[in-house]
Amino acid sequence: MTRICLLHTVTGLPTVFADLLRTEVGPVDAVNIVDETLLRDTVEHGMLPRTRRRVASYVGFAAESGATAVLVTCSSIGEAAEQARAEVGIPIYRVDEPMAEQAVNLGPRIGVLATLTATLQPTRDLLRRKAGERGEPSEIRESVCPGAFEALRGGDPDRHDQLVAAEVRRLAGEVDVLVLAQASMARVVDALPAGQVPVPVLSSPRSGVRQLRPFATR
């Protein structure tokens with residue numbers, strides 16, 4: 001069975017992606033690497049040289065372990081994932097790249113919603129690059145949902161969800177497509193009544209994991 005590696009920055013993600021691999025890809029030998037300090041350091045300090053080196057080290061370890069591809073499941077370290085491509089001879093995928101390509105195809109006015117600036121910036125930069133590659137003008141309207149992250153960190157998930165839902169409804173009225181820079185917000189959108197969000201809403205995990213389909217054992 002073909003071995004692939006998934007690099008995560010949140011402890012709960014291996015279970016989420018195991019389900020997606022099963023439904024969207026097929027049989028693979030999935031090896032998970034989890035390092036929450038990669039995201040913690042990026043949130044606190046931005047993209048550090050040591051973070052780039054550590055991502056490259058994990059990718060090298062994946063190649064040494066026999067993996068034929070690596071999926072980096074955190075948008076915040078996507079830049080480091082791209083840089084690491086030069087370090088090994090196996091494909092390295094950003095989880096958010098297919099989402100960005102789809103967003104550019106759906107319209108020139110793209111909304112990007114996050115609760116963390118550390119996640120917003122790499123998603124915005126990726127969208128701008130994809131629009132530039134297509135030679136199409138795009139207007140990116142972004143929002144770091146005010147107060148949502150603080151509510152979640154303070155132990156009030158209901159307040160977090162209320163703030164995210166309100167900002168989704170507001171931003172969706174100004175754009176052609178809405179991109180969720182953090183996949184954790186997708187459940188909030190899914191819980192909204194039908195018709196409250198008049199534009200497509202994109203998140204990264206499902207389309208991101210589909211990049212691994214060529215590696216499934218058939």
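When reading the values below, keep in mind they use all heavy atoms of this one structure, side chains included, and skip hydrogens, waters and symmetry mates.
In the hydrophobic clustering of this structure, Tyr93 groups with Leu20; members are Ile, Leu, Val, Met, Phe, Trp, Tyr whose side-chain heavy atoms approach within less than 4.5 Å, directly or through other members. Hydrophobic clustering, with ILVMFWY side chains joined whenever heavy atoms are under 4.5 angstrom apart, keeps Val70 apart from Val31. No continuous path of hydrophobic side-chain contacts links Val43 to Met47 [ILVMFWY only; heavy atoms under 4.5 Å]. Both Ile110 and Leu106 sit in one connected hydrophobic cluster of ILVMFWY residues. Membership requires side-chain heavy atoms under 4.5 Å apart, directly or through other members. By the rule that hydrophobic residues join a cluster once side-chain heavy atoms approach within less than 4.5 Å of another member, Val144 and Ile140 end up as members of one cluster.
Residues Val59 and Ala84 share a closest heavy-atom pair of CG2-CB, 4.1 Å. The two atoms that bring Leu113 and Val164 nearest to each other are CD2-O, 4.3 Å, heavy atoms only. Here the closest non-hydrogen pair linking Val197 and Ala172 is CG1-CB, 3.8 Å. Taking each heavy atom of Pro122 and Arg94 in turn, the nearest pair found is O-NH2, 3.7 Å. Of all non-hydrogen atoms in Ala165 and Leu192, the two that sit nearest each other are CB-CD2, 3.8 Å. Taking both residues in full, the closest heavy atoms of Val177 and Ala103 are given as CG1-O, 3.7 Å, listed atom of the first, atom of the second, then distance.
Residues Ile4 and Leu71 are not in side-chain contact: their nearest non-hydrogen atoms beyond the backbone lie 4.5 Å or more apart. Using a 4.5 Å heavy-atom cutoff, the side chains of Val34 and Leu13 are not in contact. Considering only heavy atoms from C-beta on, Thr37 comes within 4.5 Å of Arg54 through its side chain. The closest side-chain heavy-atom distance from Glu139 to Glu174 is not below 4.5 Å. Arg50 has its side chain within reach of Asp41: a pair of non-hydrogen atoms, C-beta onward, lies under 4.5 Å apart. A 4.5 Å side-chain heavy-atom check between Met99 and Ser204 finds at least one atom pair inside the cut-off. The closest side-chain heavy-atom distance from Leu178 to Val189 is not below 4.5 Å. A heavy-atom distance below 4.5 Å is not found between the side chains of Gln102 and Pro200.
Note that the OG atom of Ser76 and the CZ atom of Arg40 stand 13.5 Å from one another [nearest 0.5 Å]. Here the CG-CG distance, from Leu21 to Asp29, works out to 11.0 Å after rounding to the nearest 0.5 Å. Distance CZ/Arg159 to CG/Leu152: 13.0 Å, rounded to 0.5 Å. Between the CD atom of Glu97 and the CD atom of Glu82 there is a distance of 6.0 Å, given to the nearest 0.5 Å. With values rounded to the nearest 0.5 angstrom, Leu180 atom CG is found 10.5 Å from Ser75 atom OG. Within the model, atoms CD of Glu79 and CZ of Arg52 stand 4.0 Å from one another, a figure rounded to the nearest 0.5 Å.
The stretch residues 11-69 participates, sequence neighbours left out, in these ring-ring contact (aromatic ring centres under 6.0 Å, His included) pairs: His8-Phe17.
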- Message: Assess the residue pair Arg206 and Thr23 against the criterion (side chain to side chain contact (heavy atoms under 4.5 Å, CB included)); give the C-alpha distance rounded to whole Å, side-chain angles, the decisive distance to 0.1 Å, and a yes or no.
- Response: CA-CA 9 Å; Arg206 192 170 300 277; Thr23 59; 4.0 Å; yes
- Message: Under the criterion side chain to side chain contact (heavy atoms under 4.5 Å, CB included), I'd like the reasoning laid out for Arg134 against Lys130: C-alpha separation, chi angles, the key distance, then a yes or no.
- Response: CA-CA 6 Å; Arg134 294 181 60 85; Lys130 291 298 179 182; 5.9 Å; no
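Under the 4.0 Å criterion applied to side-chain N and carboxylate O atoms, Glu101 and Arg210 are not assigned as salt-bridge partners. For the pair Arg187 and Asp190, the salt-bridge criterion is not met [side-chain N within less than 4.0 Å of a carboxylate O].
Counting non-hydrogen atoms of other residues, nucleotides and ligands closer than 6.0 Å to CD of Glu64 gives a total of 12 or fewer.
Side chain of Arg3 to main chain of Thr68: no donor-acceptor pair is present (N/O by atom type, distance under 3.5 Å, no hydrogens or angles). Between the side chain of Thr9 and the backbone N or O of Glu36 there is no donor-acceptor pair closer than 3.5 Å. Judged by distance alone, with hydrogens and angles left aside, the side-chain atoms of Gln182 form a donor-acceptor pair with the main-chain N or O of Thr115 at under 3.5 Å.
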